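Shown next, in structure tokens, is the structure this report addresses.
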2 protein chains.
Amino acid sequence: MTLDSRLSRMLHMLIHIDLHDGRATSETIAQMLGTNPVVVRRMMAGLREQGYVEAVRGPHGGWKLARDLADITVLDVHNALGSPSLFAVGLAVDHPDCPVERSVNAALGEIFEDAEARVTSRYGKITLADLIPG
Amino acid sequence: MTLDSRLSRMLHMLIHIDLHDGRATSETIAQMLGTNPVVVRRMMAGLREQGYVEAVRGPHGGWKLARDLADITVLDVHNALGSPSLFAVGLAVDHPDCPVERSVNAALGEIFEDAEARVTSRYGKITLADLIPG
DNA sequence: AAAATCATAACAGAAGGGGTTACATTCTCT
DNA sequence: AGAGAATGTAACCCCTTCTGTTATGATTTT
């Protein structure tokens with residue numbers, strides 16, 4: 001796949017941890033996603049630093065949720081993943097002094113900012129508890 | 001730059017061709033963008049196939065606009081560039097049968113589709129003539 | 001002390017894009 | 001016809017990003 005699907009996978013992970021008694025090892029999660037435990041730890045690092053999950057070392061350790069799913073929004077997860085921009089389209093900055101480039105970038109930039117604001121606004125209104133199927 | 005800025009650069013190119021008597025060689029455009037003539041031809045290929053520009057070979061050749069800038073929208077250019085998706089975020093499809101994955105993807109998918117529809121709608125209302133500074 | 005588990009660095013491989021070279025093709029001009 | 005100017009396109013390299021993997025260290029439980 002050419003698109004960055006980390007947000008989707010991370011939400012998937014967190015909800016499964018919750019459904020799994022709030023505890024799961026990197027190994028377990030990795031098998032669930034068909035990937036490697038190290039990849040899971042890398043992805044989890046941002047969420048750990050932001051206080052959404054805690055890592056417990058040693059036997060019977062693993063990941064546990066530091067908050068209720070109802071207290072974590074999709075926006076929280078998005079930000080914790082360090083997503084730089086939502087858009088696959090950016091603005092060229094080849095000639096910052098060119099009036100044409102400035103005009104083009106002003107028009108596109110406004111559209112992007114508006115769309116990004118709408119998406120993050122909706123992200124902020126969805127908690128992970130809302131995503132539990134049922 | 002990590003983001004795909006082809007749309008922005010292509011709009012820039014087309015407007016400059018127009019301001020340059022409607023004619024410009026790949027060499028000229030490449031110098032303007034600080035890139036290579038082959039890169040320009042590659043980018044132009046889609047627009048040529050869609051009939052927005054024409055390539056004239058031989059001496060005094062180059063690219064010319066096949067339509068007035070007022071008759072080309074940003075959406076036309078976006079589509080001609082073959083942009084697959086506007087978003088840098090995608091949906092994981094690791095477990096199509098998993099209810100959690102389906103629930104997550106349904107929620108995110110709706111947000112993306114809505115945002116994408118808004119952006120393309122606005123793209124469709126802006127012609128390249130609108131972007132000429134002045 | 002042993003085992004389980006996370007933390008992290010390091011490296012390999014795949015994928016995508018851009019830049020470049022090379023060569024073929026087409027067209028104009030003399 | 002021939003020279004030269006331009007596009008068309010394939011092929012290659014390089015760079016970046018992401019993922020997967022291995023290896024080593026640190027921490028915790030038993």
Side-chain angles (χ1 to χ4, degrees), chain A residues 1-10 13 17 20 22-50 52-66 81-85 87-94, chain B residues 1-10 12-13 17 20 22-50 52-66 81-85 87-90 92-94:
Chain A
M1 84 203 87
T2 169
L3 294 177
D4 175 358
S5 56
R6 274 180 297 183
L7 177 61
S8 167
R9 292 170 90 184
M10 181 57 78
M13 278 194 228
I17 293 174
H20 201 268
R23 268 293 182 55
T25 65
S26 300
E27 180 64 39
T28 304
I29 298 170
Q31 285 176 3
M32 195 179 77
L33 272 90
T35 183
N36 193 288
V38 179
V39 175
V40 172
R41 293 189 191 111
R42 268 202 296 242
M43 291 178 67
M44 284 292 203
L47 278 92
R48 185 191 59 221
E49 287 158 12
Q50 301 296 318
Y52 298 113
V53 296
E54 287 171 13
V56 180
R57 293 177 172 201
H60 304 107
W63 297 96
K64 70 177 181 185
L65 296 173
L81 287 176
S83 312
S85 173
F87 286 93
V89 179
L91 303 176
V93 285
D94 302 315
Chain B
M1 79 203 90
T2 169
L3 295 177
D4 177 356
S5 56
R6 276 180 297 183
L7 176 61
S8 167
R9 292 170 89 187
M10 181 57 79
H12 191 179
M13 279 194 228
I17 294 175
H20 201 270
R23 269 288 182 57
T25 65
S26 300
E27 179 65 39
T28 304
I29 299 170
Q31 285 177 3
M32 195 178 77
L33 272 90
T35 183
N36 193 288
V38 178
V39 175
V40 173
R41 292 187 194 112
R42 268 203 296 241
M43 291 178 69
M44 284 293 203
L47 278 91
R48 186 191 57 221
E49 286 158 12
Q50 301 297 317
Y52 298 113
V53 296
E54 288 170 13
V56 179
R57 294 180 173 201
H60 304 107
W63 297 94
K64 70 176 181 185
L65 298 173
L81 287 176
S83 311
S85 172
F87 286 93
V89 179
V93 285
D94 302 316

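Predicted, not measured: the structure shown is a model, and the values here were computed from it. So that the names make sense, note that chain A is the first sequence line, chain B the second, and so on, each numbered from 1.
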What is the distance, rounded to the nearest whole Å, between atom CD of A:Glu54 and atom P of C:dA7?
-> 11 Å
Which residue lies more 5' along DNA chain C, comparing A:Val38 with A:Gly62 via nearest heavy atoms | A:Gly62
In whole angstroms, the gap separating P of D:dT7 from CZ of B:Arg23 amounts to 10 Å
Heavy atoms only: give me the nearest B:Met43-B:Arg9 pair and the separation to one decimal.
-> CE-CB, 4.3 Å
Find the distance A:Arg42:CZ to D:dT22:P and express it as a whole number of Å.
-> 13 Å
Contacts of A:Thr28 meeting side chain to side chain contact (heavy atoms under 4.5 Å, CB included) (sequence neighbours excluded), chain-then-number -> A:Thr25
Heavy atom of residues 28-36 of chain A under 4.0 Å from DNA chain C: which residues?
-> none
Rounded to the nearest 0.5 Å, how far apart are CE of A:Met10 and CG of A:Leu81?
-> 5.0 Å
Side chain to side chain donor-acceptor pair (under 3.5 Å) with A:Ser26: which residues, sequence neighbours excluded?
-> A:Arg41, A:Trp63
Of all heavy-atom pairs between B:Val40 and B:Met13, which one has the smallest distance, and what is that distance?
-> CG1-SD, 4.2 Å
Reported CD1-to-CZ distance for the pair A:Ile17 and A:Arg23, which is rounded to 0.5 angstrom | 10.5 Å
Is any side-chain heavy atom of A:Glu54 less than 4.5 Å from a side-chain heavy atom of A:Leu65?
-> no
Atom CD1 of A:Ile17 to atom P of C:dT5: distance rounded to whole Å?
-> 14 Å
Classify the side chain of B:Arg48 and the base of D:dG8 as holding, or not holding, a donor-acceptor pair under 3.5 Å.
-> no
Taking all non-hydrogen atoms of both residues into account, name the closest pair between A:Pro37 and A:Ala30 and its distance.
-> N-CB, 3.5 Å
Rounded to whole angstroms, how far apart are CZ on A:Arg41 and P on D:dC18?
-> 21 Å
What integer distance in Å separates B:Met43:CE from D:dG8:C1'?
-> 17 Å
Within less than 4.0 Å of OP1 or OP2 of C:dT5, is there a side-chain N or O belonging to A:Thr25?
-> no
Mapping B:Pro37 and A:Val39 onto DNA chain D by nearest heavy atom, which one lands closer to the 5' end?
-> B:Pro37
Protein and nucleotides 24-30 of chain D: nitrogen or oxygen contacts under 3.5 angstrom:
residue : atom : partner : partner atom : Å
D:dT27  : O4'  : A:Arg57 : NH1          : 2.8

Separation of D:dG4 P from B:Glu27 CD (nearest whole Å) = 18 Å
Name all residues meeting the side chain to side chain contact (heavy atoms under 4.5 Å, CB included) criterion together with B:Gln31; count only those two or more places apart in sequence or in a different chain, and write none if there are none.
-> B:Glu27
